[in-house]
**Student:** 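Following this message is one structure expressed as structure tokens.
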Amino acid sequence: MLELESGKWRPLNVRGSSPQYLRSGQLVYATGSMLMAAPFDVERLEVAGAPVSIVEGVTAFERSGATEFAVAADGSLAGIWGEVATSDARSVPVWMDRSGSVQTIPGLPVDTYTCARVSPDGKTLALDRGKGDIWTYDVARATLTRLTTDPAKDQLPVWTPDSRKIVFRSNRGGETAALYWQNADGSGPAERLASFPPPVDLAIPEGFTPDGAKLLLSRLIDDNLGTAMISIGGDGKLETLIDSGVWEGIPAVSPDGNWIAYHAMAMGANQFDVFVERFPQLGERRQVSVERAVFPQWSADGRELFFLGDDGRQVLAVSVKSGPRFEAEAPRVLFEGSFPSWWGQLRPYSVAPDGRFLILRADESAADGPGPAVIYAQNWSDEVARKLASSN
């Protein structure tokens, strides 16, 4: 868990998610489905005592660790209690056009997909089904094929610009931040591209520069997300691009190679927005989203920039000119849909050369039972204070 100090993020000595500060002097956060609390010194900006479990049962999303609760200024608690229905983590890739019309893809089952990517030539899909292997889907033949078979966990596929290879993250050899690639037709073994030792905790492949010479990454160091890249055929050294101490990631370079788009949590804003900056010599940063937005991606011709609304329910487009100068019009909503929570996904859409969107659509048919319940408790902060006092 992090706090802001002089424009930099630093870790607190507690681990959890969804932190909130109560005016009564406590830090509340979640560990799985358990809400925890600890006294917090706002002047010294540090946890001032041992954490205590307060209540169990808050809805928690397995992939992201995000939880569904909020505490109002008067100390009232509102939240969603109970296990998340299995449909929350289950989805199915579908095609959607610019009007939002849905076309199912034959032969693709509902599953726990993490991401789906259409190849630059539009002929093949690369899929992470959340099972530890990468799969490919031949669009013309409607056939699904398992690409990787190593016992290790292979995930998060990304295509090379020529559609011949797929890069993915793997924990082969016990490494937590290693990248491999393999021929998309399954021929030949997977080859190790790079491995990033500590302090890098996570390296997520995002996409290539148009010439295929650089692979862009989102990388995590000490709970801080930044953007980076490596040179293909080089020494695998990680070159940091953007790291200002706030969360900045999901980079995508324009088809002409002149601009890089990414989403970032602006200092003190507590929300993500989409920005564009000159590339490869960074500068002239511009915000292109108007409201909260995430996961930018360029159209194949570079004339539009797409992104999701922060609630994950809308796909928006911005008409742009991305030559030596960058110009952007106002964002417009293309369509809405029922997508999985984006906190549990990594760029849950991909844009085909013909302009269609490959979307991970939430499976709404598999929910069992009554599902989670909405709860509300007045003066909940008083209970937190009492439990902390009794534990000391």
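Excluded from the calculations below are hydrogen atoms, water molecules and symmetry mates; all remaining heavy atoms, backbone and side chain alike, are included.
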**Student:** Can the positive tip of Arg219 be found less than 6.0 Å from the middle of the six-membered ring of Phe196, inside 45° of the ring normal?
**Tutor:** no

**Student:** Salt-bridge test for Arg356 and Asp354: reply yes if a basic N is under 4.0 Å from a carboxylate O, no otherwise.
**Tutor:** yes

**Student:** Given the rule that I, L, V, M, F, W and Y join up when any side-chain heavy atoms are under 4.5 Å apart, are Ile250 and Val158 in one cluster?
**Tutor:** no

**Student:** Does some side-chain heavy atom of Leu217 sit less than 4.5 Å from a side-chain heavy atom of Ile230?
**Tutor:** yes

**Student:** Give the intermediate values and the outcome of ring-ring contact (aromatic ring centres under 6.0 Å, His included) for residues Tyr349 and Phe306.
**Tutor:** CA-CA 10 Å; Tyr349 75 103; Phe306 306 108; 7.5 Å; no

**Student:** Contact between Ser231 and Lys214 at the side-chain level, heavy atoms closer than 4.5 Å - yes or no?
**Tutor:** yes

**Student:** To the nearest 0.5 angstrom, please state how far the OG1 atom of Thr227 sits from the CD1 atom of Ile242.
**Tutor:** 3.5 Å

**Student:** Output the distance between atom CG (Leu220) and atom CD1 (Ile204), rounded to the nearest 0.5 Å.
**Tutor:** 7.5 Å

**Student:** Under the 3.5 angstrom rule, does the side chain of Thr136 hit a backbone N or O of Leu147 as a donor-acceptor pair?
**Tutor:** no

**Student:** Do Ser99 and Asp97 get their side chains close enough for a donor-acceptor pair, meaning under 3.5 Å?
**Tutor:** yes

**Student:** Using the ring of each side chain (for Trp, its six-membered ring), is Phe168 parallel, tilted or perpendicular to Tyr180, with breaks at 30° and 60°?
**Tutor:** parallel

**Student:** Would you say that more than 12 heavy atoms from the other residues, nucleotides or ligands in this model lie under 6.0 Å from the CZ of Arg325, or not?
**Tutor:** no

**Student:** What do you reckon, is NZ of Lys131 surrounded by more than 12 foreign heavy atoms closer than 6.0 Å?
**Tutor:** yes

**Student:** Report yes or no: do Trp135 and Ile105 belong to one cluster of Ile/Leu/Val/Met/Phe/Trp/Tyr joined by side chain heavy-atom distances under 4.5 Å?
**Tutor:** yes

**Student:** Does Arg164 CZ have over 12 foreign heavy atoms under 6.0 Å away?
**Tutor:** no

**Student:** Do Phe40 and Val47 touch side chain to side chain, with heavy atoms closer than 4.5 Å?
**Tutor:** yes

**Student:** Less than 4.5 Å apart, side chain to side chain, heavy atoms only: is that true for Lys165 and Ile232?
**Tutor:** no

**Student:** When rounded to the nearest 0.5 angstrom, what is the spacing between CG in Asp133 and CG in Leu127?
**Tutor:** 12.0 Å

**Student:** What distance do Gln155 atom CD and Thr148 atom OG1 have between them, rounded to the nearest 0.5 Å?
**Tutor:** 10.5 Å

**Student:** Hydrophobic clustering (ILVMFWY, side-chain heavy atoms < 4.5 Å, transitive) - are Val94 and Val315 grouped together?
**Tutor:** yes

**Student:** Can you name the nearest heavy-atom pair linking Asp273 to Glu291, along with the distance?
**Tutor:** OD1-O, 3.1 Å

**Student:** Which ILVMFWY residues can you reach from Val318 by hopping between side chains whose heavy atoms are under 4.5 Å apart?
**Tutor:** Trp259, Val274, Val276, Val288, Trp298, Leu305, Phe307, Leu316, Val320, Phe326, Val333

**Student:** Any non-hydrogen side-chain atom of Phe272 less than 4.5 Å from a side-chain atom of Arg292?
**Tutor:** no

**Student:** Look at the side-chain heavy atoms of Ile, Leu, Val, Met, Phe, Trp and Tyr, link any pair under 4.5 Å apart, and say whether Leu22 and Leu35 land in one connected group.
**Tutor:** yes

**Student:** According to side-chain hydrogen bond (donor to acceptor under 3.5 Å, both in side chains), who are the partners of Arg141, at least two apart in sequence or on a separate chain?
**Tutor:** none

**Student:** With side chains defined as the heavy atoms from C-beta onward, is the minimum distance between Tyr262 and Leu216 less than 4.5 Å?
**Tutor:** no

**Student:** Would you say that Asp121 contacts Trp159 through its side chain, given a criterion of any heavy-atom pair below 4.5 Å between the two side chains?
**Tutor:** no

**Student:** Below 4.5 Å, heavy atoms only, C-beta onward: do Trp95 and Leu358 meet side chain to side chain?
**Tutor:** yes

**Student:** So, taking the atom named CG in Asp74 and the one named OG in Ser381, what distance separates them when rounded to the nearest 0.5 Å?
**Tutor:** 7.5 Å

**Student:** For Gln281, is the CD atom crowded, meaning more than 12 foreign heavy atoms sit under 6.0 Å from it?
**Tutor:** no

**Student:** Tell me whether Asp128 is salt-bridged to Arg117, with the criterion being a basic N under 4.0 Å from an acidic carboxylate O.
**Tutor:** no

**Student:** How far does CZ of Phe295 sit from OG of Ser350, to the nearest 0.5 angstrom?
**Tutor:** 13.0 Å

